[in-house]
Amino acid sequence: QVQLVESGGGLGQPGGSLRLSCAASGITFRLYSMAWYRQAPGNERELVAAINSDGSTNYADSVKGRFTISRDNAKNTAYLQMNSLKPEDTAVYYCNANYKFLSYWGQGTQVTVWS
């Protein structure tokens, strides 16, 4: 059974920080590319950040310089460090794992940036 479980969401202040975690089980984690997507009300789901098995990363322009994706293969966990939060970051954030034709999604965690 494959599971991706997100945690760390909640209320963040503008200019503040949050760190999301994605704990994976049931997959050979080190082989998978990991990514964070988000979906705000009325918007399509968009890629926020991705990290490949070799550690290379990609970021949406809207979060470059503010967010950092990382992974700890020993813990089967991916992270999204979110700094300098903006109200526009408010969304449900989803963890995604991909390897060849396999793709898995977490249940999502709500991030709300509001003072």
Side-chain angles (χ1 to χ4, degrees):
Q1 169 183 168
V2 176
Q3 283 192 303
L4 302 178
V5 181
E6 300 100 332
S7 61
L11 179 63
Q13 299 185 140
S17 298
L18 288 171
R19 188 173 81 154
L20 306 184
S21 297
C22 173
S25 60
I27 63 172
T28 306
F29 184 83
R30 63 179 176 83
L31 299 178
Y32 279 70
S33 296
M34 302 298 297
W36 289 94
Y37 289 74
R38 67 186 181 188
Q39 187 166 27
N43 289 53
E44 64 184 8
R45 187 172 297 187
E46 64 174 347
L47 176 67
V48 176
I51 183 166
N52 298 314
S53 59
D54 66 358
S56 61
T57 57
N58 303 296
Y59 295 94
D61 287 342
S62 60
V63 308
K64 284 181 180 176
R66 300 189 299 119
F67 291 9
T68 303
I69 188 170
S70 62
R71 64 191 296 157
D72 186 337
N73 289 342
K75 297 181 178 180
N76 289 350
T77 301
Y79 304 94
L80 185 68
Q81 179 67 45
M82 303 186 293
N83 297 328
S84 302
L85 286 167
K86 302 177 178 180
E88 308 94 271
D89 297 321
T90 296
V92 177
Y93 284 71
Y94 297 90
C95 180
N96 170 255
N98 280 283
Y99 179 68
K100 297 187 181 292
F101 66 93
L102 299 171
S103 183
Y104 302 103
W105 292 89
Q107 81 288 351
T109 185
Q110 176 71 47
V111 170
T112 302
V113 183
W114 182 52
S115 61

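Predicted model only: the values in this text are computed from it and were never measured. Residue indices begin at 1 and follow the sequence shown.
- Remark: Gln107 CD is packed, more than 12 non-hydrogen atoms of other residues, nucleotides or ligands lying under 6.0 Å away.
- Residues Tyr32 and Tyr79 are members of separate hydrophobic clusters, defined by side-chain heavy-atom contacts under 4.5 angstrom among Ile, Leu, Val, Met, Phe, Trp and Tyr.
- Cluster annotation: Val5 is not connected to Trp36 through the hydrophobic network of ILVMFWY side chains, with a link wherever side-chain heavy atoms come within less than 4.5 Å.
- Gly9 and Val111 make their closest contact through CA-CG2, 4.1 Å (heavy atoms, listed as atom of the first residue, atom of the second, distance).
- Glu88 CD to Leu85 CG: the interatomic distance, rounded to the nearest 0.5 Å, is 10.5 Å.
- Note on Leu31 and Val2: same hydrophobic cluster, where clusters join Ile, Leu, Val, Met, Phe, Trp and Tyr whose side-chain heavy atoms are under 4.5 Å apart, directly or indirectly.
- Of the inter-residue distances, the one linking Thr28 atom OG1 with Leu102 atom CG reads 10.0 Å to the nearest 0.5 angstrom.
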Hey, can you pull the donor-acceptor pairs under 3.5 Å for the side chains in residues 50-67, sequence neighbours left out?
{"residue": "Asn52", "atom": "OD1", "partner": "Ser33", "partner atom": "OG", "Å": "3.2"}
{"residue": "Asn52", "atom": "ND2", "partner": "Ser56", "partner atom": "OG", "Å": "2.8"}
{"residue": "Asp54", "atom": "OD1", "partner": "Ser56", "partner atom": "N", "Å": "2.9"}
{"residue": "Asp54", "atom": "OD1", "partner": "Ser56", "partner atom": "OG", "Å": "2.8"}
{"residue": "Tyr59", "atom": "OH", "partner": "Ile69", "partner atom": "N", "Å": "2.9"}
{"residue": "Asp61", "atom": "OD1", "partner": "Lys64", "partner atom": "NZ", "Å": "3.0"}
{"residue": "Ser62", "atom": "OG", "partner": "Arg38", "partner atom": "NH2", "Å": "3.4"}
{"residue": "Arg66", "atom": "NH1", "partner": "Ser84", "partner atom": "O", "Å": "2.9"}
{"residue": "Arg66", "atom": "NH1", "partner": "Asp89", "partner atom": "OD2", "Å": "2.8"}
{"residue": "Arg66", "atom": "NH2", "partner": "Ser62", "partner atom": "O", "Å": "2.9"}
{"residue": "Arg66", "atom": "NH2", "partner": "Asp89", "partner atom": "OD1", "Å": "3.0"}

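- Of all non-hydrogen atoms in Pro14 and Val113, the two that sit nearest each other are N-CG1, 3.8 Å.
- Side-chain polar atoms of Ser25 and Asn76 form no donor-acceptor pair below 3.5 angstrom.
- The backbone N or O of Ala91 lies less than 3.5 Å from no partner atom in the side chain of Gln39, so there is not a single donor-acceptor pair.
- Here OG1 of Thr90 is found 7.5 Å from OH of Tyr93. Values are rounded to the nearest 0.5 Å.
- At a threshold of 4.5 Å between side-chain heavy atoms, the hydrophobic network of Ile, Leu, Val, Met, Phe, Trp and Tyr places Tyr104 and Tyr94 in two separate groups.
- The nearest pair of heavy atoms linking Val92 to Gly108 is CG1-CA, 3.9 Å.
- Across every non-hydrogen atom of Ala23 and Thr77, the tightest pair is CA-OG1, 4.0 Å.
- Between atom CG of residue Leu80 and atom CE of residue Met34 there is a gap of 11.5 Å, rounded to the nearest 0.5 Å.
- The minimum heavy-atom distance between Ile27 and Ala97, with the atom names listed, is CD1-CB, 4.1 Å.
- Contact record, Ala78 with Phe29: N-CZ, 4.0 Å, taken as the closest heavy-atom pair.
- Within the structure, the salt bridge (Lys or Arg N to Asp or Glu O under 4.0 Å) test picks out no pair touching residues 103-113 (sequence neighbours left out).
- With hydrogens and angles ignored, the 3.5 Å screen pairs a side-chain donor or acceptor of Glu6 with a backbone N or O of Cys95.
- Leu18 and Val48 fall within the same hydrophobic cluster, defined by Ile, Leu, Val, Met, Phe, Trp and Tyr side-chain heavy atoms under 4.5 Å apart, directly or through other members.
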